[in-house]
There are 2 protein chains.
Amino acid sequence: MLVLTALLDRSYRFSELRREIGGVSEKMLAQTLQTLERDGFVHRNARPVIPPHVDYTVTDMGREAGERMRAMIQWVDDRMSAVVDARAAYDRVRAERDAATEAPPVARTR
Amino acid sequence: MLVLTALLDRSYRFSELRREIGGVSEKMLAQTLQTLERDGFVHRNARPVIPPHVDYTVTDMGREAGERMRAMIQWVDDRMSAVVDARAAYDRVRAERDAATEAPPVARTR
DNA sequence: CGGTATCCAAACCGATACTG
DNA sequence: CAGTATCGGTTTGGATACCG
C-alpha cells in the first residue's frame with residue numbers, strides 16, 4: 001500500500017523506506033517487500049558491498065498499482081470527514097436508543 | 001469489498017447476499033454490514049414483519065466506493081496471471097539456489 | 001429470517017536478539 | 001546495513017448455539 005506509493009517517486013533503501021513510511025516494523029517491511037517482489041510489483045537491487053546496499057524500485061506493474069493506490073488513498077482521504085460524520089450520527093442514534101431501553105424516561109436531572 | 005460491488009446492481013436481503021458472495025460466515029457478513037452502515041456506505045432497511053425482512057442498499061457514497069472497488073477488482077483480475085507467473089519464476093529461482101547450497105553439484109542422477 | 005453471544009484455534013504483528 | 005529467528009500478546013474469524 002504505502003510502500004508502492006512511496007516508491008512511485010524514487011527508489012528507496014530498506015531503512016530509508018522504513019523511516020519514510022513510519023510506524024512499520026522491520027519485520028513487516030521485510031515481509032511486505034518480499035511479497036511485493038515475489039509477485040512482481042517491486043524490484044530488489046542488492047549491491048554486494050560492505051555494508052550491504054539494497055534499493056527497491058517499482059516494476060511497471062508496480063507503478064500502475066501504486067498509481068491506483070495513490071488515487072484510492074486520495075479518495076478515501078477526501079471522504080474521511082463524511083465517514084466520521086456518518087459514524088457520529090449512527091453512534092448518537094444508537095446511544096439514544098440504548099439509553100431509552102435501559103433507563104425509561106421518568107425524570108431528567110435538572 | 002464484494003458486498004459493495006454486489007449491491008451496485010440491486011438491493012439484497014441478508015441471506016441472499018450471503019449466498020451471492022459465497023464463503024462468508026454469518027458473523028463476518030453481519031459485522032461487515034454494520035461497519036458499512038455505520039460509516040455511511042450502506043443503508044439498512046428493516047421491515048418489521050414476521051418473518052423479518054431486511055434489505056440493504058448502497059448510499060451514494062457507497063455506490064461511488066463500489067464502482068471503484070469493481071474497477072480495482074477488474075484490474076487485479078486482469079493481472080492475476082502475470083502475478084502467478086512472477087511468483088512461479090521467483091519460486092523457481094529460489095528453489096534452484098536452495099538446492100545448490102544444500103546439495104553441491106557433485107553428480108546428478110542419470 | 002436475521003441476527004447475537006460465546007468459545008477457541010489460527011494468523012498476525014511488534015519487540016527483541018542475533019547474523020552475514 | 002539489511003535483514004532472519006523466535007517469542008508472546010492481540011486480533012481475527014469460523015463453528016456452534018441461541019434469540020426476537
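In this structure, the separation between CD on B:E20 and CG on B:L7 is 9.5 Å, given to the nearest 0.5 Å.
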Practice problem: Evaluate the criterion side chain to side chain contact (heavy atoms under 4.5 Å, CB included) for residue pair B:F14 and B:E26; output intermediate values, then yes/no. | Solution: CA-CA 9 Å; B:F14 187 86; B:E26 250 174 50; 4.0 Å; yes
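Closest approach to the B:M28 side chain among D:dG13, C:dG3, C:dC13 is made by D:dG13 (side chain taken as heavy atoms from C-beta onward). Among the nucleotides D:dA2, D:dG13, C:dG3, the one closest to the side chain of A:R44 is D:dA2. Distance from the side chain of B:K27 is smallest for D:dG13 among the nucleotides D:dG13, D:dT4, C:dA15. With distances taken from any side-chain atom of B:F14 to the nucleotides C:dG2, D:dG14, D:dA2, the minimum falls on C:dG2. Across D:dA2, C:dA17, D:dA17, the shortest atom-to-atom separation from the side chain of A:P52 is found for D:dA2. Side-chain proximity of B:A30 to the nucleotides D:dG3, C:dT4, C:dG14 is greatest for C:dT4.
Nearest-nucleotide positions on DNA chain D for B:V24 and A:S15 put A:S15 closer to the 5' end. Nearest-nucleotide positions on DNA chain D for A:Q31 and A:P51 put A:P51 closer to the 5' end.
Straight-line distance from the CD atom of A:E16 to the C1' atom of D:dC1: 12 Å, rounded to whole Å. The distance between atom CG of B:L29 and atom P of C:dG3, rounded to the nearest whole Å, is 8 Å. Distance CD (B:E26) to C1' (D:dC19): 12 Å, rounded to an integer number of Å. Nucleotide D:dA2 holds its C1' atom 7 Å from the OH atom of A:Y56, rounded to whole Å. Atom pair B:R47:CZ and D:dG20:C1' shows a separation of 18 Å (rounding to whole Å applied). Separating the CD1 atom of B:I50 from the C1' atom of C:dG3 is a distance of 15 Å, rounded to the nearest angstrom. Regarding B:D55, its CG atom lies at a distance of 13 Å from the C1' atom of C:dC1, rounded to whole Å. Atoms CG (A:L33) and C1' (D:dA2) sit 11 Å apart, rounded to a whole Å.
Of the charged side-chain nitrogens involved, none lies within less than 4.0 Å of a carboxylate oxygen, so that B:D39 and A:R79 do not count as a salt-bridged pair. Between A:R10 and A:D55, none of the side-chain N atoms (NZ, or NE/NH1/NH2) sits under 4.0 Å from a carboxylate O, so this pair counts as no salt bridge.
Remark: A:Y12 is not in phosphate contact with D:dC1, judged by side-chain N or O atoms under 4.0 Å from OP1 or OP2. Distances shown here put every side-chain N or O of A:R13 at or beyond 4.0 Å from the OP1 or OP2 atom of D:dC1. OP1 or OP2 of D:dG3 has not a single side-chain nitrogen or oxygen of A:Q34 nearer than 4.0 Å.
No more than 12 heavy atoms of other residues, nucleotides or ligands sit less than 6.0 Å from atom CG of A:D60.
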